[in-house]
Protein chains: 2
Amino acid sequence: MTPPPRPTYTVIAQAAGVSEATVSRVLNGDESVHPDRARRVHEAVDSLGYRKNRVASALASGRSGLIAVVIDDDLSVFSDPFWGTVTSGVSRILSESGLHTVLMVSPVGLVDGGVAHYLKSGEVDGAIFFVLHSDALVNNLKKSGLPMVIAGTPHSSLDIPFVDTDNFGGAYAGTKHLINQGCEKIAIITGDIGTTAAKQRLDGYLQAFRETGKVPAKGLICEGDYSLASGMDHTRKLLEKHPDIDGIFASNDLMAAGAVTVLQDTGKLVPEDVKVVGFDDALIAQTTRPALTTIRQDVVALGEAAGTLMIAQLNGEDVQPIITTTELIIRGSA
Amino acid sequence: MTPPPRPTYTVIAQAAGVSEATVSRVLNGDESVHPDRARRVHEAVDSLGYRKNRVASALASGRSGLIAVVIDDDLSVFSDPFWGTVTSGVSRILSESGLHTVLMVSPVGLVDGGVAHYLKSGEVDGAIFFVLHSDALVNNLKKSGLPMVIAGTPHSSLDIPFVDTDNFGGAYAGTKHLINQGCEKIAIITGDIGTTAAKQRLDGYLQAFRETGKVPAKGLICEGDYSLASGMDHTRKLLEKHPDIDGIFASNDLMAAGAVTVLQDTGKLVPEDVKVVGFDDALIAQTTRPALTTIRQDVVALGEAAGTLMIAQLNGEDVQPIITTTELIIRGSA
DNA sequence: ACTACCCGCGAAACCGCTTTCACGAGGTCT
DNA sequence: AGACCTCGTGAAAGCGGTTTCGCGGGTAGT
């Protein structure tokens, strides 16, 4: 219960026989300190087990060493391990640069909500956003000069750095695969169309379709919301209206799994009668029967890219968007 | 790009015609300020759009308003949405008290690692631990007086507050269900036995077994690691050594799903030939075919309980461990 | 040899808020 | 009426670093 007193610059400075200013310089890697003195400081730091108080440091320097990861709170966020994985990638990269990750899960819609206040309050040195439904907040924050990175493609063409998976390319490849497998009537269950990722995947699907010279029949495009239930619902509806569909491209594996379940429940064989392709290559892709043919995205890489972009930005470097590639993983469902 | 200057106490104090000390009192809810002056301060705050600098506040008061959520980094952490869900529960509760969550995912084994340093550095007001493989770090930190909460039962009987699911009761109920369904040769695939949760679930299984008057045959107890792969591996091995098993209790749904997959691949029917019960009632429990009979735990409640305990502790209240109940969910697999 | 620089380093101000301390006004008690 | 409190309040001293500023000495230029 005894709060052990931690040494301060005063103590270190005395022990090393230098001024506090010099201690600060050494500890912040200022090259202009004489090596001998620097060594003395380091020795004092080591022997006294000194650790810098980051709060005081933050106050004095105006830099907190904290990066916020903001996830729009839509309950699905955590039911899908996707974001957790991205976050761990971000976190790892940031910690390599001595930065910490502050996770914020809350509704981000409001330009003026708690999150906005917090971010503007200067407690964090930067913010990384996931799952944006609107660019309003980001636009607003931009004025404050806060370094930001968006995971996912922004809606408007802001000059805010972003990282994203090649959604278009992935969806194109997935749909193309279905076509190559001989499917003729291919439906798509999209994600929440309010997200750019969902739109891009839809575009990829349309592009692949277009190249066949055909146009997807009305009603083959359903807007889901990335949930298992929506995958099931839409598949049911599709079967009613188009009993002859022979392919389904789902914008994520969860919905693909729902589709498979419903198809089988209605007596259809997968992949014999209807082929299904998912997206993500989430764990669930391997547990369905048959296992899902899907588009793998390198989720960890995505997180790392976001972290990298943030660091580059903090260093004042020029920053370009990063698009990570996808890969078609062929399993049993198509 | 212009960092908009934010007003400080000096400005507010002038505008309200009071001293900075009074501003501080008002903003920290000190009752002893005359209502009139308090009102003037509030008006000034509102009209000037003042927002307190939490860093300065933290330095001066010694309280940061940050709570660390420490997750032992074992890559499986994020492949299972479980922890993300708990975290969101924690986060929500804490934010209601004006506290923020700092997520730290890293190996916690070392008593002297980076995490330990960070926690000791006084940058956080408290720490919540998930998935502890050892109590060493926590024991060590305890000396520093840092308020802590452990999610999961501690190994040693420390007097550190913890929250946990009724692992024993859940496993007992699950195993009992298998027995009631007529299973006679029931195997268990445990989680990493280094965690108390895995041990408790094993104990629940053993207890249910014991009550039948029989003793589980050797080789019916396999130590898995909560991963899909380990569920599959152990099921394969079980089938080789004990082709006649008719029940499997898996310590989580992921392993249960792996078991179902392998069973079906080897031509066994679930639940006709072998019944399977999982634990968690994760999303995956609904996507396997047949869907999993499982033990549901209220994950969000667990997180909320952890947050609640932390807040109580910060308030100096007396704190008791919280054990959340489980529920048997019967689906197709058993 | 004299002035002009440059460099390493310490003194001190400062970051924005909290908290102790003491003071004066108004009340109470004898 | 005088001694003793209580209560609201402001002045000022920190919290533990960072950073500006300027000084003294060594180097260079002429």
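These numbers were taken from a predicted model, which means no experiment stands behind them. When reading the values below, keep in mind they use all heavy atoms of this one structure, side chains included, and skip hydrogens, waters and symmetry mates.
- Atom CD of B:E317 sits in a crowded spot, with more than 12 heavy atoms from other residues, nucleotides or ligands closer than 6.0 Å.
- Scanning DNA chain C 5' to 3' for nucleotides with an atom closer than 4.0 angstrom to a non-hydrogen atom of chain A gives a first and last hit of C:dG8 to C:dG16.
- No side-chain donor-acceptor contact under 3.5 Å links B:T22 to the backbone of B:V18.
- Mapped onto DNA chain D by nearest heavy atom, B:V18 and B:A60 fall at different nucleotides, with B:V18 at the one closer to the 5' end.
- Using a 4.0 Å heavy-atom cutoff across all strands shown, A:V33 reaches sugar-phosphate atoms only and no base atom.
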Test side chain to side chain donor-acceptor pair (under 3.5 Å) on B:D166 and B:T325; report intermediate values, then the result.
CA-CA 5 Å; B:D166 182 8; B:T325 59; over 6 Å; no

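- Once you apply a 4.0 Å limit to the heavy atoms of chain B, the touched nucleotides of DNA chain D run 5' to 3' over D:dG8 to D:dG16.
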When you look at B:D298 and B:T324, which way does the side chain to side chain donor-acceptor pair (under 3.5 Å) test go after all the steps?
CA-CA 7 Å; B:D298 190 340; B:T324 58; over 6 Å; no

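- Listed by first then second residue, pairs satisfying salt bridge (Lys or Arg N to Asp or Glu O under 4.0 Å) with a partner in residues 45-71 of chain B read A:E123-B:R54, not counting sequence neighbours.
- Taking every heavy atom of residues 49-57 of chain A and every atom of DNA chain C, no pair lies under 4.0 Å.
- The ring-ring contact (aromatic ring centres under 6.0 Å, His included) analysis of residues 25-56 of chain B, with sequence neighbours excluded, yields the pairs B:Y9-B:Y50.
- The heavy-atom pair separating A:D125 from A:S64 by the smallest distance is OD1-N, 2.8 Å.
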Worked verdict on A:I93 versus A:T308 for side chain to side chain contact (heavy atoms under 4.5 Å, CB included): CA-CA 7 Å; A:I93 289 291; A:T308 305; 4.1 Å; yes

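- Residue B:S24 is classed as a base contact, given a heavy-atom separation below 4.0 Å to a base.
- Contact detail for B:Q320 and B:L309: the closest heavy-atom pair is O-CD1, 3.6 Å.
- Remark: A:H100 pairs with B:Y118 by the ring-ring contact (aromatic ring centres under 6.0 Å, His included) rule, at least two apart or across chains.
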